[in-house]
2 protein chains.
Amino acid sequence: MSAAPRTPLDRERVLVAAIELADRDGLAALSMRGLATELGVTPMALYKHVADKDDLLGGMVDAVVIGYRPPPAGLGWAAATRDRILVARDALLAHPWLRTAIERSTRRTPAVLGHMDAVARELLAGGLSVDLTHHAMHALGHRIWGFSPEAFDEGPAATGPAVEPTAEQSAMMAAMAQRYPAVAAIAAESAATGGSCDEQGEFEFTLDLLLDAFARLHQSGWSSRRRSG
Amino acid sequence: MSAAPRTPLDRERVLVAAIELADRDGLAALSMRGLATELGVTPMALYKHVADKDDLLGGMVDAVVIGYRPPPAGLGWAAATRDRILVARDALLAHPWLRTAIERSTRRTPAVLGHMDAVARELLAGGLSVDLTHHAMHALGHRIWGFSPEAFDEGPAATGPAVEPTAEQSAMMAAMAQRYPAVAAIAAESAATGGSCDEQGEFEFTLDLLLDAFARLHQSGWSSRRRSG
DNA sequence: ACCTGAACACCGTTCAAGT
DNA sequence: ACCTGAACACCGTTCAAGT
């Protein structure tokens, strides 16, 4: 019954516990104090292994990103880039907190820089100019990390599969359709063709559209921006 | 010297004060307590006019978005969409807190829905199918709100215009270039062609690339997704 | 070396009470 | 109606002290 701390804490144990806690309860539930009690330790003990909460978050991101597997050899630049991005997306789906942690993080850790560099290297290896690669990295944006910024949500379209809506709900939908006809039309079409929006499909659609666009610019000899004009 | 509260608080006064405070000191400095003292009132007085902090943030976003001016008449769908998005971007540049508030906000207020609907309506009015419009809205992502997700930062390229780097800094840059050659190459090119990265230019580049891509899909008769296959 | 106790300076929010 | 006082249940972080 003597539950004295066997091994002294180290950075990895702190990060692993933090990741477990965030996986289980979400990032909002991850506090220095909560993490400390999870580890059976006072909050201040953590500060020997982590500079502050920002460093904790950065360390968590790093621990995940460092595990990204490289694409199989022999792929073209577009397929290789696509593969790297979908690997990042897998990690994102496995760790729901990862997206917010990446967006919030202010540090550029080695693993994070490494992933960015690996993606850019695929494009350069494919023969794209430095300028075009630069544009592509910006255009890909957070897609480099496997997520698209969902600024567009179709509203209250799919609450359930085939549940009869209440009169109140129907009235609200009708009012919505009057005030926001375009959004309503998209939501209706989306619901008609099989429930709510296919997020993965939208992600891949835009990813491929961007990769195609840059392939086309590359083939047409695009290599420098307006400074040449 | 009698500074008794002249007019009783109302929602608009609360929102205006919150926007002023956020414009001045940043969103991190905006707390219910701080806002209350700014208004010469106890924190709890705010809760008569605002449900909670989330509602406050949503109200601030709404107050800004409601002011977006519509595009001039007679533009084509692509130009009109472009105009709406650049108007949103102007607001973003005027209110540095707006971006974070939009990302964090969980409510879909009338003004927010209205802007989304207006953008979607431009595309539909241009003849794009509902499906294609749906894809376009997802592809535009946060660009609808005037910002691109800056997941790619070129690292410590431009600290100053022509300042001689210290030996320590040069050594670090050299080490960076070794470990992250692709990112370093982009940063170097970017610095060579005139200082740091042109964020506005990158925004417009990707925006136009996306609008072109959807115009091309539209012209080529693209109208439904794989369900037709 | 590694961890603790006590404290500082904050948060958002509720509830009963005042005017 | 509108606002206040006191309190609750939290935060991240510092500093001096313990073992």
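Lettering of chains follows the sequences in order, A, B, ..., and the numbering in each one begins at 1. Just so you know, these numbers use all the heavy atoms, side chains as well, and skip hydrogens, waters and symmetry mates.
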Would a 4.5 Å heavy-atom cut-off, applied to side chains only, mark A/Val119 and A/Arg143 as touching?
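Result no, sub-4.5 Å side-chain heavy-atom pair not found.
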Please encode protein proximity along nucleotides 8-19 of chain D as a string of B, S and -, counting only heavy-atom distances under 4.0 Å.
---BBBB-----
With sequence neighbours excluded, tell me which residues meet ring-ring contact (aromatic ring centres under 6.0 Å, His included) with A/Phe214.
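Testing A/Phe214 for ring-ring contact (aromatic ring centres under 6.0 Å, His included), a comparison that skips the adjacent residues, returns none.
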Pairs flagged by side-chain hydrogen bond (donor to acceptor under 3.5 Å, both in side chains) wherever residues 83-102 of chain B is involved - sequence neighbours left out
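Output for this query lists B/Asp23-B/His95, B/Asp23-B/Trp97, B/Arg69-B/Asp83, B/Arg84-B/Glu122, B/Arg89-B/Gln200.
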Residues forming a side chain to side chain contact (heavy atoms under 4.5 Å, CB included) with B/Thr37, sequence neighbours excluded
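Partners of B/Thr37 by the side chain to side chain contact (heavy atoms under 4.5 Å, CB included) criterion come out as none, since no residue qualifies.
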Tell me, please, which residues at least two apart from B/Glu150 pass side-chain hydrogen bond (donor to acceptor under 3.5 Å, both in side chains).
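B/Glu150 satisfies side-chain hydrogen bond (donor to acceptor under 3.5 Å, both in side chains) with A/His138, B/Ser148 only.
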What residues form a side-chain hydrogen bond (donor to acceptor under 3.5 Å, both in side chains) with B/Arg179, not counting sequence neighbours?
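By the side-chain hydrogen bond (donor to acceptor under 3.5 Å, both in side chains) rule, B/Arg179 matches no residue at all.
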Side-chain N or O of B/His49 less than 4.0 angstrom from OP1 or OP2 on D/dC3?
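Indeed, a polar side-chain atom of B/His49 lies that close.
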Enumerate, in order of first residue number, the stems that involve DNA chain C, defined as 3 or more consecutive Watson-Crick or G-U wobble pairs with both distances under 3.5 Å.
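Only these stems qualify: C:4-8 with D:12-16, C:12-16 with D:4-8.
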Output a table of donor-acceptor pairs, distance under 3.5 Å, between side-chain atoms of residues 24-32 of chain A and any protein atom two or more places apart or on a different chain; print 'none' if there are none.
from    : atom 1 : to      : atom 2 : distance (Å)
A/Arg24 : NH2    : A/Glu38 : OE2    : 2.6
A/Ser31 : OG     : A/Gly34 : N      : 2.9

Looking only at the side chain of B/Pro8 (C-beta and beyond, no hydrogens), which of the listed nucleotides C/dG5, D/dC3, D/dT4 gets closest?
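From the listed options, D/dC3 comes nearest.
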Value in whole Å for how far the P atom of D/dT4 lies from CG of B/Leu39
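Distance check: B/Leu39 CG to D/dT4 P gives 11 Å.
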Rounding to the closest angstrom, what is the interatomic distance between D/dA9 and C/dA9 at atom P?
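Their P atoms lie roughly 23 Å apart.
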Any pair counted as ring-ring contact (aromatic ring centres under 6.0 Å, His included), so long as it reaches residues 49-71 of chain B, sequence neighbours left out
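Passing the test, one end in residues 49-71 of chain B: B/Tyr68-B/His115.
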